[in-house]
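Throughout, a chain's letter reflects where its sequence line sits, starting with A, and its residues are numbered from 1.
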Number of protein chains: 2
Amino acid sequence: MNASPTPMPGRPVRGSATGRSLMAALDLFGRRWTLRIIWELGNEPLGFRLLQRRCDGMSSSVLQQRLTELQEARLAEVLPDGNYTLTPLGHDARESLGPVIEWSRRWAAELADAPPSAAEGADDG
Amino acid sequence: MNASPTPMPGRPVRGSATGRSLMAALDLFGRRWTLRIIWELGNEPLGFRLLQRRCDGMSSSVLQQRLTELQEARLAEVLPDGNYTLTPLGHDARESLGPVIEWSRRWAAELADAPPSAAEGADDG
DNA sequence: GGATGGTGCTTCGGATTCCGAAGCACTGTG
DNA sequence: CACAGTGCTTCGGAATCCGAAGCACCATCC
């Protein structure tokens with residue numbers, strides 16, 4: 001079921017033999033939906049199906065896989081009430097995404113300034 | 001060649017209908033090798049084949065696709081000498097990744113403290 | 001001239017990953 | 001009992017990624 005192993009610092013990373021922690025993080029975050037899940041989970045603890053809905057109805061099989069990876073990587077855990085949440089480490093990770101959010105606003109503004117072909121209605125938010 | 005369109009703020013994003021700039025950024029960054037390419041390109045301008053080598057010999061077809069996406073998103077451009085480089089906006093994006101790097105070190109330390117099963121030799125940075 | 005090796009980039013068959021509908025076991029609620 | 005919700009799994013097909021091979025081009029060397 002789990003084709004490629006969960007990226008971990010100190011272990012060989014998918015497509016790399018170095019295992020440097022940054023590369024492991026880049027590999028972990030560079031998987032479809034992972035960034036989004038961390039983001040949504042950072043707002044509040046969520047159950048499986050609700051989290052799935054927050055992620056635009058992403059595939060349940062992939063969500064399950066990502067959730068497993070995130071738990072193995074100590075970024076997420078299951079609350080006593082069964083909901084998924086971010087660990088302190090996971091919250092740190094999400095907070096480290098803050099500058100990325102700020103950047104994305106500048107990005108939207110920049111593209112609205114000089115649109116390649118079209119970029120109207122950038123509602124940012 | 002280009003299956004899914006380049007994520008752009010203000011446009012519908014893969015798997016989403018909102019098009020909010022953050023989701024677009026999350027979609028763009030959440031593609032295989034994209035984060036890594038930005039990181040490597042941020043160190044210095046690189047030619048295609050050298051950049052490919054820096055990215056652990058990633059597939060040339062995917063590299064070409066990512067490079068196109070990055071150019072469309074105004075994060076990368078081609079220098080007069082033919083090398084690829086980051087635009088000012090691209091450099092901002094990379095800098096916004098700084099906290100993520102710091103976090104990845106804490107991540108490595110945390111996992112070295114309480115290893116799930118094994119995480120030795122975390123050579124970090 | 002011709003051989004060699006470098007470049008950016010493309011093609012294409014096969015491997016991997018993702019998708020999503022369907023279903024399972026379980027827990028409530030009426 | 002029926003009904004609806006949950007977390008999670010299965011599985012066939014679609015999308016994506018991989019990587020070896022090759023193309024056209026350019027520089028160097030003999």
Side-chain angles (χ1 to χ4, degrees), chain A residues 1-7 12-17 23 26-38 40-41 44-73 76-86, chain B residues 1-7 12-17 23 26-38 40-41 44-73 76-86:
Chain A
M1 66 134 204
N2 208 345
S4 58
T6 303
V13 179
R14 179 184 54 180
S16 173
M23 298 311 159
L26 256 32
D27 185 8
L28 178 66
F29 291 152
R31 298 187 175 192
R32 219 157 182 173
W33 294 111
T34 300
L35 253 20
R36 178 69 176 271
I37 291 171
I38 292 174
E40 298 292 347
L41 229 39
E44 55 179 336
L46 292 169
F48 185 92
R49 265 170 142 109
L50 187 49
L51 173 57
Q52 182 183 17
R53 256 171 258 145
R54 290 289 173 81
C55 292
D56 297 311
M58 66 170 289
S59 161
S60 61
S61 47
V62 178
L63 176 57
Q64 177 58 31
Q65 195 170 316
R66 292 292 172 271
L67 250 17
T68 300
E69 292 169 2
L70 255 20
Q71 287 176 85
E72 284 178 2
E77 61 187 351
V78 185
L79 252 26
D81 64 7
N83 280 349
Y84 286 96
T85 190
L86 254 31
Chain B
M1 70 129 199
N2 208 345
S4 56
T6 303
V13 179
R14 179 184 55 178
S16 173
M23 299 309 159
L26 256 33
D27 186 8
L28 178 66
F29 291 151
R31 300 188 173 190
R32 218 158 184 172
W33 295 112
T34 301
L35 253 20
R36 178 68 176 273
I37 291 170
I38 292 174
E40 297 294 346
L41 229 39
E44 54 179 337
L46 292 169
F48 185 93
R49 265 166 142 113
L50 187 49
L51 173 58
Q52 181 184 17
R53 256 172 259 145
R54 291 287 174 84
C55 292
D56 297 311
M58 67 170 288
S59 161
S60 61
S61 45
V62 178
L63 177 56
Q64 177 57 32
Q65 196 170 316
R66 293 291 171 274
L67 250 17
T68 301
E69 291 168 4
L70 254 21
Q71 287 176 86
E72 284 178 2
E77 61 187 350
V78 185
L79 251 28
D81 63 7
N83 280 347
Y84 286 96
T85 191
L86 254 32

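- Residue B:D27 contributes atom CG, which lies 15 Å from atom C1' of C:dC19 at whole-angstrom precision.
- The interatomic distance linking B:W33 (CH2) with C:dT17 (P) rounds to 12 Å, in whole Å.
- Under 3.5 Å, the side chains of A:T6 and A:E69 contain no donor-acceptor pair of N or O atoms.
- Judged by distance alone, with hydrogens and angles left aside, the side-chain atoms of A:Q71 form a donor-acceptor pair with the main-chain N or O of A:L67 at under 3.5 Å.
- What separates CD of B:Q71 from P of C:dG8 is a distance of 13 Å, to the nearest Å.
- Taking atom CG of A:D81 as the reference point, atom P of C:dG28 lies 14 Å away to the nearest angstrom.
- Between B:R66 and D:dC17 there is a side-chain N or O to OP1 or OP2 distance below 4.0 Å.
- Residues A:N83 and A:L46 fail the side-chain proximity criterion, which asks for heavy atoms closer than 4.5 Å.
- At least one side-chain nitrogen or oxygen of B:R32 sits closer than 4.0 Å to the OP1 or OP2 atom of C:dT17.
- In this structure, A:R36 contributes its side chain and A:R54 its backbone to a donor-acceptor pair below 3.5 Å.
- Across the protein-nucleic acid pair, A:Q65 atom CD and C:dT17 atom C1' stand 8 Å apart, rounded to whole Å.
- Atom pair A:R31:CZ and C:dT16:P shows a separation of 14 Å (rounding to whole Å applied).
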Give me, pair by pair, the N or O atoms of the protein and of nucleotides 5-9 of chain D that are less than 3.5 Å apart, along with how far apart they are.
from  : atom 1 : to    : atom 2 : distance (Å)
D:dT6 : OP2    : A:R53 : NH2    : 3.2
D:dG7 : OP1    : A:F48 : N      : 2.4
D:dG7 : OP2    : A:F48 : N      : 3.2
D:dG7 : OP2    : A:R49 : N      : 2.5
D:dG7 : N7     : A:R49 : NH1    : 2.6
D:dG7 : O6     : A:R49 : NH1    : 3.1
D:dC8 : OP1    : A:Y84 : OH     : 3.3
D:dC8 : OP2    : A:Y84 : OH     : 2.1
D:dT9 : OP2    : A:Q64 : NE2    : 3.4
D:dT9 : O4     : A:S60 : OG     : 2.9

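- Atom CG of B:L63 is separated from atom P of D:dG19 by 13 Å (rounded to the nearest Å).
- Following rounding to the nearest Å, B:D56 (CG) and D:dC18 (P) show an atom-to-atom distance of 11 Å.
- The pair A:R32-B:D27 does not meet the salt-bridge criterion, since no charged nitrogen lies less than 4.0 angstrom from a carboxylate oxygen.
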